[in-house]
Amino acid sequence: MDLNTIWFILVGVLLTGYAMLDGFDLGVGGIHLFIKDDKERRILLNAIGPVWDGNEVWLVTGGGALFAAFPEVYATAFSGFYDAFMLLLFCLIFRACAIEFRSKEPGRLWRRSWDWGFSVGSMLAAFLIGVAMGNVTWGIPLDENHEFVGNFLGLLHPYALFLGVTTLALFMMHGNIYLIMKTEGALQEKLKRWVKITIPVYIGCFIIFNLWTIFACPHIESVMHKRPVELGIVFVLALLVVANIPREVHKGRYFLSFLSSCAGMGFLMLLFALSVYPNMIFSNPNPANSLNIYNGSSSEGTLEIMFWIALIGVPIVITYTSCVYYIFRGKVKLTEESY
Amino acid sequence: MDVEILSRIQFAFTIAFHYIYPAFSIGLGLFLVIVQLFWLKTRRPVYHNMARFWTRIFGLTFAIGVASGIVMEFEFGTNWATYSRFVGDVFGSPLAIEGLYAFFLESGFLAVLLFGWDKVGPYTHFFATLMVCLGSHFSAVWIVVANSWMQTPAGYYLAEKVKVTADGIQHPMTAALAEGTFTIKEVPLPSDYIVQADQLDNVRAVITDFWAMVFNPSSVDRLTHVVLGCWLAGAFLVISISAFYLLRKRHTEFAKSSLKIALTMGTVAALLQLWSADETARGVADNQPIKLAAIEGLAESQTEAPLGLFGIVTWEKDEEGNITGINESSLKVPGLLSILVSGEFMDMQKASEVEVKGLYELPSDEFIKSRHPDATPEEIAKIRPDYWPEVPVVFQTYHIMIACGMALIGITILGCILWKTGMLFKLEKKWVRGFMWILVLSVFIPQIANQAGWFTAEMGRQPWVVYEVLKTSEGLSKAVKAHQVLSSLIGFFLIYTLLFFVFLYTLDRKIKHGPKDDESIEVLPEKWQKLVKVEHGPTLDK
């Protein structure tokens with residue numbers, strides 16, 4: 001395996017980590033507005049309170065790794081999706097500040113405004129991330145210097161929008177399951193009822209999305225002929241873990257259902273990676289201009305240095321992140337230091 | 001307005017806003033570590049209450065710092081895509097390392113610091129504080145390293161990307177070859193190669209020596225300077241709020257203890273900053289003489305160069321509006337600049353003979369000739385101002401920074417004298433109250449100095465984004481249009497203005513709410529209670 005492939009995997013791991021972790025707190029944001037009671041809203045906020053900030057770092061580090069390992073891909077994607085990324089930034093800023101400020105003041109208007117900031121910011125962020133992924137899957141118009149030559153409206157085609165919806169549904173379900181784990185009593189009962197909606201909605205989206213991809217993306221269909229076994233296995237595994245989510249919820253094993261949901265995301269990303277590899281940004285309508293892991297990467301020197309740096313850093317990060325999650329395990333209790 | 005100026009304004013605006021908060025949280029982080037050490041050592045409740053209260057303030061600055069910080073990382077790709085393609089091989093690494101080694105550390109342990117009081121023991125909690133402090137310093141390290149590389153690039157070469165087929169023949173990147181039949185290679189360009197905007201598509205900087213990139217000629221000086229600036233920002237936030245409590249006669253013991261620790265921290269940082277400023281300026285003289293000439297408004301090269309204290313610098317322009325020279329009038333100390341630049345403080349005679357280059361000779365004729373081979377000597381003089389930064393602005397921002405630095409040294413030393421003579425807390429005296437009010441307002445001084453210093457550093461290197469390698473105008477995103485940048489700029493302006501007022505409002509509320517009363521220990525988690533010593537140990541107050 002060459003360094004370029006290793007870095008393709010590493011960036012993928014970071015972005016998958018982001019989806020699994022920030023996925024649930026974005027989802028909690030999506031659910032936030034549907035909970036009406038102030039105390040219950042605070043419980044929601046404090047369920048993600050100690051960890052959302054760390055979760056977002058996965059995006060920052062993913063972005064940094066993309067910059068270091070695949071600068072062309074980073075530059076093309078970020079400048080090409082300019083408006084979408086700016087909107088995403090506004091969402092993330094608003095949301096972060098809403099979490100921090102909401103409970104600082106008891107005023108009705110104050111809390112209402114931040115509630116909206118938090119919830120709409122979270123949902124829109126989830127949606128935009130999905131739209132961006134959808135565009136990468138579908139392909140965007142690039143010229144021979146890998147510059148994006150389309151426009152913002154061109155990025156809003158039905159397929160990408162639908163992946164946006166699917167992502168939102170996925171994150172809402174993921175957040176819903178996480179919240180069931182972290183809450184108790186009446187609130188938990190309410191959330192248990194909702195999961196009967198969020199899970200089927202996501203599974204429906206998941207199936208439609210996969211069919212749409214197979215029938216409407218010729219370049220992905222052609223990959224299916226090239227790697228039928230790998231893709232087949234991963235697809236079956238993805239189906240199994242997704243199907244396992246409602247089963248575990250039904251049996252009341254919420255942690256396992258949360259893990260299944262995480263695994264579902266992992267397999268989805270793997271499916272995505274396998275169907276685009278070695279391309280990173282597919283050029284549509286002119287595939288010859290696509291950016292792949294070779295023409296979009298840094299020099300071998302940088303890839304190697306960064307590989308050693310990541311090899312030392314990633315295990316350390318995972319260790320203490322796990323410790324933090326362990327410290328804050330169990331049901332949410334509101335204390336003086338809570339949001 | 002065009003994409004270039006809009007993108008520059010956007011970057012300057014977003015980073016200037018962002019830079020308020022990390023400065024607070026880096027300084028406060030160190031303060032928290034010190035306070036917690038006092039707490040663990042003396043077990044006096046007041047230190048615990050201090051740790052609690054200042055952690056809440058810290059959390060506030062940290063949250064906005066994080067929220068506004070993500071923007072910077074995205075902006076390299078969104079607004080400066082050509083720059084990112086060109087330097088990604090070198091510049092991407094420090095950013096990625098910051099994420100992996102600093103950002104994760106801060107935000108992971110921040111959870112324990114903010115919410116872990118009743119979940120972990122005091123030593124684990126202290127460890128978390130230490131890690132957050134360390135993480136935020138690491139953040140500064142890698143960001144300043146990345147920025148310093150742009151100021152004084154090192155450890156890289158320029159190369160062209162080519163496609164190499166199996167038979168060893170090199171083809172340009174634009175050649176249409178079947179996928180899989182070639183590999184991509186970087187071919188080093190000659191050392192005198194000059195980047196041309198139209199060849200940027202396949203030319204880029206390639207790293208040769210990672211550590212030379214990290215320890216480029218300006219990293220260490222600038223890092224020291226920035227970190228000390230952050231310590232001052234944090235210390236003076238504490239000083240300001242404590243002085244306010246003392247004036248209001250609230251939380252007196254708490255405020256005295258906080259003020260003493262922060263004043264000590266501020267004094268040390270202010271004095272170290274004097275030394276660091278001198279080192280940094282000398283580094284600028286060696287590596288970026290144009291920047292040095294600009295910050296002093298020095299037009300003619302001269303020995304016994306004077307140091308300006310304050311004054312006015314304006315452009316001299318011809319009828320067509322082209323810059324032809326500079327007018328400078330300021331109050332000067334003769335010869336001091338030469339002395340400072342030479343570092344010969346003991347041998348004034350030798351020092352004053354050191355020549356400092358002025359803008360009329362910078363950049364050198366050879367440099368301009370290398371970029372404009374056909375220019376006649378007359379044309380060279382005309383071209384020269386194109387390579388100058390915005391001198392009037394750089395001059396003023398630099399002098400604002402110096403004035404702030406001097407003010408901080410004055411305030412901290414006076415504060416220490418009053419403390420040691422026992423006058424500091426005699427608030428019945430009118431002039432002591434006056435000094436307290438100065439302390440209350442002093443929170444702005446390090447912030448102004450940090451901002452002004454940052455503007456000096458960044459505007460002083462214009463028109464370059466990578467010093468003497470790549471121009472700022474060449475680093476823009478080609479896929480982005482002016483109206484897009486304008487609308488995002490307006491968006492940032494609105495959001496940041498709102499956030500700034502929310503920050504001030506919330507900070508004000510927190511200050512009014514204040515810490516727990518001085519000797520009350522009721523906030524202490526039950527399992528920590530046994531740690532409190534009943535008899536009071538030695539304290540700073542006595």
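- Heavy-atom minimum distance, A:A68 versus B:A96: CB-CB, 4.1 Å.
- Of the possible donor and acceptor atoms, one in the side chain of B:K161 sits under 3.5 Å from a partner among the backbone N and O of A:N295.
- Remark: the backbone N or O of B:L105 is paired with a side-chain donor or acceptor of A:Y320 at under 3.5 angstrom.
- For the pair B:L494 and A:F90, the minimum side-chain heavy-atom distance is 4.5 Å or more.
- In terms of heavy atoms, A:G313 sits closest to B:L100 at CA-CD2, 4.1 Å.
- Of the options A:V57, A:I318, A:V60, a side chain to side chain contact (heavy atoms under 4.5 Å, CB included) to B:F104 is made by A:V57 and by none of the others.
- Two rings, from A:F78 and B:F76, have their centers 6.0 Å or more apart.
- With a 4.5 angstrom heavy-atom cutoff, A:I305 touches chain B only via side-chain atoms.
- The line from NE2 of A:H146 to CG of B:D201 is 9.0 Å long, rounded to the nearest 0.5 Å.
- Heavy atoms only, all atoms of each residue included: A:P71 and B:R204 are closest at CG-NH1, 3.9 Å.
- With a 4.5 Å cut-off on non-hydrogen atoms, A:I327 touches chain B through its backbone and its side chain both.
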- Task: Give the C-alpha distance, both sets of side-chain angles, the deciding distance and a yes or no for side-chain contact (heavy atoms from CB on, under 4.5 Å) between B:Y505 and A:W110.
- Result: CA-CA 12 Å; B:Y505 175 73; A:W110 175 272; 3.7 Å; yes

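- Here the OG atom belonging to B:S68 is positioned 12.5 Å from the CG atom belonging to A:L92, to the nearest 0.5 angstrom.
- Residues B:T78 and A:M86 come closest through the heavy atom pair OG1-CE, 3.4 Å.
- In terms of heavy atoms, A:Y82 sits closest to B:Q484 at CE2-O, 3.5 Å.
- Between the side chains of A:T76 and B:R85, at least one donor-acceptor pair of N or O atoms lies under 3.5 Å.
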